[in-house]
Amino acid sequence: KMTALREQAGKDFCGRVEQELKTLNIKNAQFCAEFEPYSEEDASRASTDGLDRMRFLFSANKGEPLKPLNKVISGGEMSRLMLAIKTKMSDVNAISTYLFDEIDAGISGNTAKTVAEKFADIARDKQILAVSHLAQISAMADNNFLICKREKGEKTQTEILPLDENGKKRELIRLLGGDENSGAANTLAEELLAGCKKYKQSLRSSDLQE
């Protein structure tokens, strides 16, 4: 009975994670929990947790078979898988703060925008601390800090500097590869900030309606 419950829960959970991965631009993602079979002869090793042993299988591309997660997943895919899992677990666990260390590895463009929106969704009732080099993710943050290293004498020191709105805009321009004196770069940063503000306002409106 315990195994049957776990298998059903695993199937439901993996299905929800698959749908989340599709929104994160892994459109042909397959993710499942594989349980090892057992028989009455294995009863001697049973504990209060039962007899189940399982592993996660993953496939990112159409036509590729499911294989053990740790054998086939790339860095960028792992980042998005972890985000998908945390998104689906955010309502059921007691974790109040998530730390994402460079989850943007291997992603860009529309995928980066989607990740930023997922962060905003989770941050409606959780705190997120994210280390990122992507403008799309940085622009979505409610508070930004610049982490930089400086050499002082024979030592290298790390500084963490809070950014105001102007400082945030300057860093976004830098992340976008532009020049602060460039009108086009300023316009792009402003459009990015405006888009993020509009998205977060839509979330707040949705919360009020609920």
Side-chain angles (χ1 to χ4, degrees), residues 16-17 19-27 29 75-149 158-210:
R16 295 197 303 274
V17 171
Q19 292 304 311
E20 199 70 24
L21 285 169
K22 290 179 182 4
T23 71
L24 292 168
N25 205 29
I26 308 182
K27 300 187 183 301
E77 291 163 353
M78 178 61 82
S79 296
R80 281 175 278 174
L81 175 63
M82 291 307 300
L83 179 56
I85 289 173
K86 289 180 184 294
T87 299
K88 290 305 175 185
M89 294 293 291
S90 63
D91 292 336
V92 297
N93 62 33
I95 297 173
S96 60
T97 300
Y98 286 136
L99 175 61
F100 293 98
D101 185 8
E102 299 194 21
I103 197 172
D104 51 31
I107 64 172
S108 60
N110 286 332
T111 303
K113 178 177 178 289
T114 303
V115 169
E117 291 174 350
K118 296 295 181 187
F119 276 2
D121 293 344
I122 297 173
R124 294 158 81 178
D125 55 11
K126 307 284 184 181
Q127 177 177 248
I128 290 182
L129 303 177
V131 180
S132 178
H133 293 96
L134 283 182
Q136 293 94 325
I137 292 175
S138 300
M140 189 67 78
D142 296 320
N143 296 283
N144 293 78
F145 297 84
L146 174 63
I147 302 174
C148 55
K149 291 183 179 180
T158 300
E159 295 181 350
I160 302 177
L161 308 172
L163 298 176
D164 59 16
E165 287 302 312
N166 288 330
K168 178 176 182 176
K169 182 180 173 182
R170 284 197 303 272
E171 286 304 311
L172 288 178
I173 291 172
R174 186 178 65 84
L175 290 174
L176 291 166
D179 186 328
E180 190 177 344
N181 297 318
S182 165
N186 273 271
T187 299
L188 182 57
E190 288 171 357
E191 289 178 353
L192 186 57
L193 288 167
C196 291
K197 182 178 180 180
K198 182 177 180 180
Y199 183 79
K200 289 191 285 187
Q201 286 175 338
S202 72
L203 294 179
R204 286 193 286 270
S205 298
S206 176
D207 289 339
L208 290 172
Q209 290 173 2
E210 292 175 2

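Small disclaimer: the values here were computed from a predicted structure and weren't measured. Counting from 1, the numbers follow the sequence of the chain as shown.
For Asn186 (side chain) and Glu180 (main-chain N/O), a donor-acceptor pair under 3.5 Å exists by modelled atom type.
The CG atom of Leu193 sits 10.0 Å away from atom CG of Leu188, with the distance rounded to the nearest 0.5 Å. Taking CD of Gln201 as the start and CG of Leu203 as the end, the distance is 10.0 Å to the nearest 0.5 Å. For the atom pair NZ of Lys88 and CG of Leu21, the computed distance is 10.5 Å after rounding to the nearest 0.5 Å.
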Would you sort out whether Leu83 and Ile122 count as a side chain to side chain contact (heavy atoms under 4.5 Å, CB included), showing the intermediate values? CA-CA 10 Å; Leu83 179 56; Ile122 297 173; 3.9 Å; yes
Verdict with supporting geometry, Lys168 and Glu171, salt bridge (Lys or Arg N to Asp or Glu O under 4.0 Å): CA-CA 5 Å; Lys168 178 176 182 176; Glu171 286 304 311; over 6 Å; no
Salt bridge (Lys or Arg N to Asp or Glu O under 4.0 Å) between Glu117 and Lys113: does it pass, once the steps are laid out? CA-CA 6 Å; Glu117 291 174 350; Lys113 178 177 178 289; 2.8 Å; yes
Please assess Leu146 against Arg170 for the test side chain to side chain contact (heavy atoms under 4.5 Å, CB included), listing each intermediate value before the final yes or no. CA-CA 11 Å; Leu146 174 63; Arg170 284 197 303 272; over 6 Å; no
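Contact of the Thr87 side chain with the Tyr98 side chain is not registered, since no non-hydrogen atoms from C-beta on lie closer than 4.5 Å. Inter-residue side-chain proximity for Arg80 and Thr114 is flagged as unmet; no heavy-atom pair is nearer than 4.5 Å. Using a 4.5 Å cut-off on side-chain heavy atoms (C-beta onward), Leu172 and Ser138 make contact. Under the 4.5 Å side-chain criterion, counting only non-hydrogen atoms from C-beta, Lys126 is not in contact with Lys86. Taking the side chain as every heavy atom from C-beta outward, Gln136 and Val115 never approach each other to under 4.5 Å. Residues Leu129 and Thr97 are in side-chain contact: their nearest non-hydrogen atoms beyond the backbone lie under 4.5 Å apart.
Of all non-hydrogen atoms in Arg124 and Asp121, the two that sit nearest each other are CD-O, 3.0 Å. Among all heavy-atom pairs drawn from Leu192 and Ala139, the shortest one is CG-CB, 3.7 Å. Nearest approach of Ala189 to Ile173, heavy atoms of both residues: CB-CG1, 3.8 Å. Of all heavy-atom pairs between Asp164 and Gly167, the closest is OD1-N, 2.7 Å. Nearest heavy atoms, Phe145 versus Ile160: CB-CG2, 3.8 Å. Annotation for Ala120 and Tyr199: closest pair CB-CE2, 3.9 Å, computed over non-hydrogen atoms.
The 12-atom threshold is exceeded at CG of Asp179, counting heavy atoms of other residues, nucleotides or ligands nearer than 6.0 Å.
Residue pairs meeting the salt bridge (charged side-chain N to carboxylate O under 4.0 Å, His left out) criterion with at least one member in residues 182-200, sequence neighbours excluded: Asp142-Lys200, Lys169-Glu190. For residues 100-123, the ring-ring contact (aromatic ring centres under 6.0 Å, His included) pairs, not counting sequence neighbours, are Phe100-Phe119.
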